[in-house]
Amino acid sequence: MSENKQLTKKTSIISTFLGGCYRGFEVGIKNIVPAMILGYTLVYILQATGVMDLLGSVLSPVMGVFGLPGEAVAVLISAFFAKAAGCGTAATMYASGILTMGQATMLFPACILMGTLIGHYARIVLVADADKKWHGLLLAVPLFDAVISLFMMKIILAFMGIE
């Protein structure tokens, strides 16, 4: 009889594990992939229409403070929709020679800190019915954290001799 209990327990653990895998896959397909596609599509549209060049020129002084080209704003725009889209955009820009390895590395923490901000805001702040007086702050804090991370990464990479 104890063998039957152990067998049931093992089956239960396996079922639980597989159920978790299925739910994780479902979350990825339903939430992450559409956000990544949206981020990539937005960047593609900005590039195809020439708006990306305009943004790069206009935001070059701002991004230059961090030692980044103006076009690096595309990474932050795509990360706004999905962390993975921001990181993928940085990798694509590195592969095409727009960003150096150091610049792409510098952008990674910013993508993580401010990434998927729209989705998280909708799923957490609005669903939790947070007091409206805090909504602006709840949006600003991740953006502020991303700016701080860009400065910190610039210092760390300079200390390491990486540009």
Side-chain angles (χ1 to χ4, degrees), residues 20-21 24-25 27-128 130-163:
C21 290
F25 180 76
V27 165
I29 295 298
K30 288 183 176 178
N31 297 334
I32 297 170
V33 171
M36 285 180 61
I37 291 170
L38 178 62
Y40 281 125
T41 303
L42 178 64
V43 169
Y44 177 78
I45 290 170
L46 291 175
Q47 288 174 335
T49 59
V51 174
M52 183 61 72
D53 294 332
L54 178 64
L55 282 174
S57 298
V58 170
L59 295 174
S60 187
V62 174
M63 298 306 285
V65 169
F66 306 109
L68 296 167
E71 293 83 5
V73 74
V75 173
L76 300 176
I77 290 170
S78 58
F80 196 71
F81 294 97
K83 294 172 185 147
C87 295
T89 302
T92 301
M93 292 177 88
Y94 167 71
S96 65
I98 297 170
L99 296 176
T100 65
M101 179 60 77
Q103 291 168 333
T105 302
M106 183 186 302
L107 286 161
F108 178 72
C111 289
I112 299 304
L113 289 168
M114 63 158 286
T116 321
L117 188 56
I118 293 296
H120 292 321
Y121 180 79
R123 285 191 299 269
I124 298 169
V125 175
L126 298 178
V127 171
D131 190 339
K132 292 193 186 320
K133 72 178 181 181
W134 300 109
H135 285 206
L137 183 63
L138 292 169
L139 282 170
V141 167
L143 298 173
F144 178 75
D145 291 345
V147 168
I148 296 299
S149 77
L150 287 170
F151 280 121
M152 290 177 66
M153 286 301 293
K154 182 178 178 183
I155 293 167
I156 291 168
L157 293 172
F159 180 74
M160 295 173 65
I162 299 172
E163 289 187 27

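These values consider heavy atoms only, across backbone and side chains, with no hydrogens, waters or symmetry-generated copies.
In the displayed structure, F66 atom CZ is contacted under 6.0 Å by more than 12 heavy atoms of other residues, nucleotides or ligands.
With values rounded to the nearest 0.5 angstrom, L137 atom CG is found 11.5 Å from D131 atom CG. Summarising the geometry, atom CE belonging to M114 is positioned 10.5 Å from atom CG belonging to L139; distances are rounded to the nearest 0.5 Å. Interatomic distance, I156 CD1 to F159 CZ, rounded to the nearest 0.5 Å: 10.0 Å. Rounded to the nearest 0.5 angstrom, K83 NZ and L113 CG are separated by 9.0 Å. To the nearest 0.5 Å, the span separating CD1 on I112 from CZ on F108 amounts to 4.0 Å.
A donor-acceptor pair under 3.5 Å is formed between the side chain of Q103 and the backbone N or O of G67. The backbone N or O of A146 sits less than 3.5 Å from a side-chain atom of S149, completing a donor-acceptor pair.
Side-chain contact between V58 and V73 is absent, with no heavy-atom pair separated by less than 4.5 Å. By the 4.5 Å heavy-atom criterion applied to side chains, L150 and L68 are counted as neighbours. Side chains of L76 and M63 form a contact here, defined as non-hydrogen atoms less than 4.5 Å apart.
Shortest non-hydrogen contact noted between M153 and P109 is CG-CG, 3.6 Å. The two atoms that bring T100 and Y94 nearest to each other are C-CD1, 3.7 Å, heavy atoms only. Minimum heavy-atom separation, M52 to E71: SD-O, 4.3 Å. The minimum heavy-atom distance linking L99 with V75 is given by the pair CD1-CG2, 4.2 Å. Across every non-hydrogen atom of C111 and G86, the tightest pair is SG-C, 3.8 Å.
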Determine whether L46 and L55 satisfy the following criterion, side-chain contact (heavy atoms from CB on, under 4.5 Å), listing intermediate values before the conclusion. CA-CA 9 Å; L46 291 175; L55 282 174; 4.2 Å; yes

